[in-house]
Amino acid sequence: MAFGKGCHLHLIDGSAYIFRAYHALPPLTRKSDGLPVGAVSGFCNMLQRYVDENVDSDVTHVAVIFDKGSHTFRNDLYDQYKANRDEMPEDLRPQIPLTRRATEAFNIACKEMEGYEADDIIATLACQARAAGGRVTILSSDKDLMQLVGDGVEMLDPMKNRTIDSEGVEEKFGVGPDRVVDVQALAGDSVDNVPGAPGIGIKTAALLINEFGSLEELLDRAEEIKQPKRRQTLIEKRDQIELSKKLVQLDCETPIDFTLDDLEVRDAEPDVLLGFLAEMEFRTITKRIADKLDIEPPVIEDKTPEGANPPEQEDGPEALPFEPEKYETVRDAQALQAWIDRAYERGYVAVDTETTGLDDMVVDLVGICLSVDPGKACYVPLAHVSDEGGDLFGSDAKLDGQMDMDRCLEMLKPLLEDDGVLKIFQNAKYDCKIFARYGVTVAPFDDTMLMSYALNAGLHGHGMDALSERYLSHNPIEIKTLLGTGKSAKTFDKVPIDEATKYAAEDADITLRLWQVFKPQLHRKQVTTVYETLERPLSPVLAQMERNGIKVDRNTLSQMSNAFAQKMAGLESEIHELAGEEFNVGSPAQVGEILFGKMGLEGGKRGKTGKYSTPADVLEDLATEHDLPARILDWRQLSKLKSTYTDALQTHINAETGRVHTSYVQTGANTGRLASTDPNLQNIPVRTEEGRRIREAFVAEKGNVLVSLDYSQIELRILAHVAEIDALKQAFREGQDIHAATASEMFGVPLDEMTPDVRRQAKAINFGVIYGISAFGLARNLRIPREEAKGFIDRYFERFPGIRTYMDDTVDFAKEHKFVQTLFGRKIHTPEINAKGPGAGFAKRAAINAPIQGTAADVIRRAMVRMPDAIANLPARMLLQVHDELLFEVDASAVEDLIGAAREVMENAADPAVKIDVPLVVDAGQGDTWAEAH
DNA sequence: GTCATCACG
DNA sequence: GACGTACGTGATGACC
């Protein structure tokens, strides 16, 4: 068929595929001779997936396009073009020709041309296809190709499975596809080393192009630009900008020696394809394709040479396809026994529970999934009911074909509690809490979510969907396709059993496969200790704390709510009176309009949405002169306390326990801190007198006392240690007031003459240092001129020279390794550390802060892991953690014993792994309420 | 769903 | 040399 109207051409960016395959996979080698084939393996999987997904599509023509040669016409124009690219990795180079052969084996047209980039060939083909009246889809996410979009040409980001049309381009560049090159010419590109106009990024470039219509127009009329700096740049750098445009402009007239007709879609020749895959020794994918074609797979001999170390994996686990129809529904004891036997045989089993909701303190168990071998998994439905509403008798009746729940748990309990069988979960805390409520104490276990966190904190999220996509190249079935969304959403027990099996069993399958990916990496990346001492053992401790919950007095809260409501009503009328009109005080936009628009007060700044910004510090400044902003601040405080605390907390009181059970997210903060949700009990007010009263609603059970123990200045102590600041260390050893000591050292004021104000300034600087200080930040915090703040910082660095060294060293380390580490070996990745522009400052400060905040987080984690044993003999329970504080509930008779035991654990938590050169000091408090204990 | 705001360490 | 900045979180109401 000749290419023309009605045809649809797919152009695949082959080089991008290769790099993605290379980086996504561990370094696999061919078993018989050690040839590196990881990227080839991933590449074949991607092609296979592409073929599978497009079998029934309207695509008539397809080609994979590659780069060839390193010297192109762009290098003749500009010798620095792409000059900053890293050398190709040694183990990738030999795989390049193999990817060409792989493409041919799949019988897909494979095109490249010496001296031309793949992008130019793609541009040429796209132009030709468009001219012939056909449709074109470019499978790539490369922004350099976006100039081709429009008029029948679109892009498809294969990673995100997202189509990029003209609108998508405009979103990215702020201009339509026809002006993309103009924007690129101005903004330049640090990846390709295109110079562009210095100091102008995509945002500014789009602004200019939109104003002047085109790059040429802009350069001709550069004199009209208002900003002097910009004008000068555009006039002086005209040559460089014009050169940049030539570099980014794709060549639509590449002299190709083939025609569109040569790219017609062809079926693969089974012999050729399987022959190639067998030669590469890709067992899994060979078998899969053979199965699909219903022919006998070629035999791949195990040719491991004598004495050679067998590679960890000969083929990525992602090579095995996901086939939901193959998952088994277990409906009786005999079938379940077979799975249990298999788990004992293997010594491990991936487990997942399905429940009626998300709150593990409330929901009911609906089913259980198991997987022992990748690709194989089962679902044991236990409590599915009919989804038919209105049926007087049938609606709540358990569906047929399900095991009795007690019988099932009775069979599984020995397995789940067996020391010799490792249970593998994604987020074990959730499933273990469910099992605990049904009388099963799961142990031992591994948790893929925690493994991912130990390996990759800072790089990406650790939810199953994200991990599956990233490490298994598989998008799991979304739960909402089963449950629906919003008001019409149903619970999992209403999902038909056969549908539930496909979804639920897949989760166990994914969990097992992720475990196989992560397990060997823990050692390789040297985070086994972090995982085994700071992550895995903490999970059951948190589970117990969550189950304990804390007693919250509903009456106290509801009375406070009423009082707040009254005060707010009064303030509201007062505010409307002062403003001279009624408006929504809760709307920052309307508040801004009133204050800065109507009343014309000074200092109104507009945010990125164009509305006036009205944060508290701005209103506080205005409040010195005017009543209205002061009243608004009062109203806001009450509104916050009422909606977030006194109202919301009541809804979180568990009907069965009468207590509030937060949920800790162990992987929530990149630094190693915990996060608390539903409700967040780590941000209960304490700084203002009115807010602190909320803590009076947190009470001890009758006959008990709440005890709070918190680390004193732990982050500053850690800073003193890691940065080796002798003066600070000494002050801590002598038990001095550290902020006063800092002030004394900096300003030369003797301690006995210290004023509160000088101490306050020193305190702000101490905190600033932990946060990666900047003159701007300190100036804003202390409300002093930036010059003065800079003076403070300079003096601080002068007096404590170790700080500067620590900061510089930390940033250098981050730049080199793309991560920083805590004293206990936790890694926090800093992928943005080499970014340019404003992002650079953020990344730097985060890198400086992370080891300090993270080490403190590690210390309290170690204490928490040891705490259950240390207080096992006391009538006490650990309830909450608030970053540097642990809250306990203890029988009134054992308060002092508890304080002694818990303080001992906390103060020595770093031992014996790390010797911290400064004492860790723990303060204790007690009382009937959290307000008194803290 | 995103933004602005504000609660905590 | 300009630009925008204190670090880490979660919940809420307004608004689209």
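Here is how names work: the chains are called A, B, and so on, in the same order as the sequence lines, proteins then strands, and each is numbered from 1. No hydrogens, no waters, no symmetry mates; every other heavy atom, side chains included, goes into these values. Here the structure is a predicted model, which is why all the values come from computation and not from measurement.
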Is [X] touching bases, backbone alone, or none of the nucleic acid, heavy atoms closer than 4.0 Å?
X: A/Arg230; value: nothing
X: A/Glu885; value: nothing
X: A/Ile773; value: base
X: A/Asn781; value: base
X: A/Val686; value: sugar-phosphate
X: A/Leu681; value: nothing
X: A/Ala850; value: nothing

Measure from [atom1] on [X] to [atom2] on [N] and round the result to the nearest Å.
X: A/Glu236; N: C/dG1; atom1: CD; atom2: P; answer: 13 Å
X: A/Asp647; N: B/dC6; atom1: CG; atom2: P; answer: 18 Å
X: A/Leu619; N: B/dC6; atom1: CG; atom2: C1'; answer: 13 Å
X: A/Glu832; N: C/dC7; atom1: CD; atom2: C1'; answer: 16 Å
X: A/Gln227; N: C/dG1; atom1: CD; atom2: C1'; answer: 15 Å
X: A/Ile770; N: C/dT5; atom1: CD1; atom2: P; answer: 22 Å
X: A/Asn849; N: C/dT5; atom1: CG; atom2: C1'; answer: 14 Å
X: A/His883; N: B/dA7; atom1: NE2; atom2: P; answer: 16 Å

Can you see which heavy atom on [X] is nearest to which on [Y], and at what distance?
X: A/Ile202; Y: A/Ala187; answer: N-CB, 3.8 Å
X: A/Ala789; Y: A/Ala775; answer: CB-O, 3.5 Å
X: A/Ala648; Y: A/Ser643; answer: CB-O, 3.3 Å
X: A/Glu715; Y: A/Ile852; answer: O-CG2, 3.5 Å

Among the nucleotides [options], which one has an atom lying closest to any side-chain atom of [X]?
X: A/Tyr771; options: C/dG8, B/dG9, C/dT5; result: B/dG9
X: A/Ala675; options: C/dG10, B/dC6, B/dG9; result: C/dG10
X: A/Phe776; options: C/dA6, B/dA7, B/dG9; result: C/dA6
X: A/Arg636; options: B/dG9, B/dT5, C/dG8; result: B/dT5
X: A/Thr609; options: B/dT5, C/dG8, B/dC3; result: B/dC3
X: A/Lys229; options: C/dG1, B/dA7, B/dC8; result: C/dG1

Can you tell me which stems DNA chain C forms when a stem means 3 or more consecutive Watson-Crick or G-U pairs under 3.5 Å? B:1-9 with C:7-15
Which pairs, protein N/O on one side and nucleotides 11-13 of chain C N/O on the other, fall under 3.5 Å?
from   : atom 1 : to       : atom 2 : distance (Å)
C/dA11 : OP1    : A/Asp678 : N      : 2.9

So, using salt bridge (charged side-chain N to carboxylate O under 4.0 Å, His left out) as the criterion, who are the partners of A/Arg717 when residues are at least two apart? none
Going by heavy atoms closer than 4.0 Å, what residues in residues 761-768 of chain A are next to DNA chain C? A/Ala764, A/Gly768
Would you jot down, in residue-number order, the residues of residues 706-716 of chain A having a non-hydrogen atom under 4.0 Å from DNA chain C? none
Got a list of side-chain donor-acceptor pairs under 3.5 Å for residues 633-640 of chain A, not counting sequence neighbours?
from     : atom 1 : to       : atom 2 : distance (Å)
A/Arg636 : NH1    : A/Thr614 : O      : 2.7
A/Arg636 : NH2    : A/Thr614 : O      : 3.2
A/Arg636 : NH2    : A/Thr614 : OG1    : 2.7
A/Gln637 : NE2    : A/Thr688 : OG1    : 3.1

By nearest nucleotide on DNA chain C, pick out whichever of A/Ser587 and A/Gly199 is the more 5' one. A/Gly199
A/Leu619, A/Leu622, A/Leu601, A/Ile594 screened by side-chain contact (heavy atoms from CB on, under 4.5 Å) with A/Leu628, the one that passes: A/Ile594
Between the base of C/dT5 and the side chain of A/Arg845, is there a donor and acceptor pair under 3.5 angstrom? yes
Partners meeting side chain to side chain contact (heavy atoms under 4.5 Å, CB included) with A/Gln240 (sequence neighbours left out):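 Scan of A/Gln240 (side chain to side chain contact (heavy atoms under 4.5 Å, CB included), adjacent residues dropped) gives A/Pro195, A/Pro198, A/Lys237.
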Taking side chain to side chain contact (heavy atoms under 4.5 Å, CB included) as the test, write out the residues that go with A/Ala857, two or more places apart. A/Arg673
ring-ring contact (aromatic ring centres under 6.0 Å, His included) partners of residues 826-862 of chain A, not counting sequence neighbours, each pair once: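 Applying ring-ring contact (aromatic ring centres under 6.0 Å, His included) to every pair that reaches into residues 826-862 of chain A, excluding sequence neighbours, yields A/Phe819-A/His829.
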Can you pull out every ring-ring contact (aromatic ring centres under 6.0 Å, His included) where at least one residue sits in residues 781-800 of chain A? Sequence neighbours excluded, please. A/Phe747-A/Phe792, A/Tyr796-A/Phe800
How far does the [atom1] atom of [N] sit from the matching atom of [M], given to the nearest Å?
N: B/dC6; M: C/dC3; atom1: C1'; result: 26 Å
N: C/dA6; M: B/dT5; atom1: P; result: 13 Å
N: B/dA4; M: C/dT5; atom1: P; result: 11 Å

Pairs involving residues 641-653 of chain A, ordered by first then second residue, that meet salt bridge (Lys or Arg N to Asp or Glu O under 4.0 Å) (sequence neighbours left out): A/Lys642-A/Asp647
Tell me whether A/Glu690 is salt-bridged to A/Lys567, with the criterion being a basic N under 4.0 Å from an acidic carboxylate O.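 Looking at A/Glu690 and A/Lys567, the cut-off is met.
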Are the charged groups of A/Glu696 and A/Arg693 less than 4.0 angstrom apart, N to O?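 Counted as a salt bridge, because a side-chain N and a carboxylate O are separated by less than 4.0 Å.
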Taking ring-ring contact (aromatic ring centres under 6.0 Å, His included) as the definition, give me every residue that meets it alongside A/His462, ordered by chain and number, with sequence neighbours left out.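 Only A/Tyr453, A/His460 meet the ring-ring contact (aromatic ring centres under 6.0 Å, His included) criterion with A/His462.
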Hey, are the side chains of A/Arg606 and A/Ser613 touching, using non-hydrogen atoms and a 4.5 Å cut-off? no
When you measure from the side-chain N and O atoms of A/Arg687 to the phosphate of B/dG9, is any distance below 4.0 Å, counting only OP1 and OP2?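 True: A/Arg687 side-chain N/O within range (under 4.0 Å) of B/dG9 OP1/OP2.
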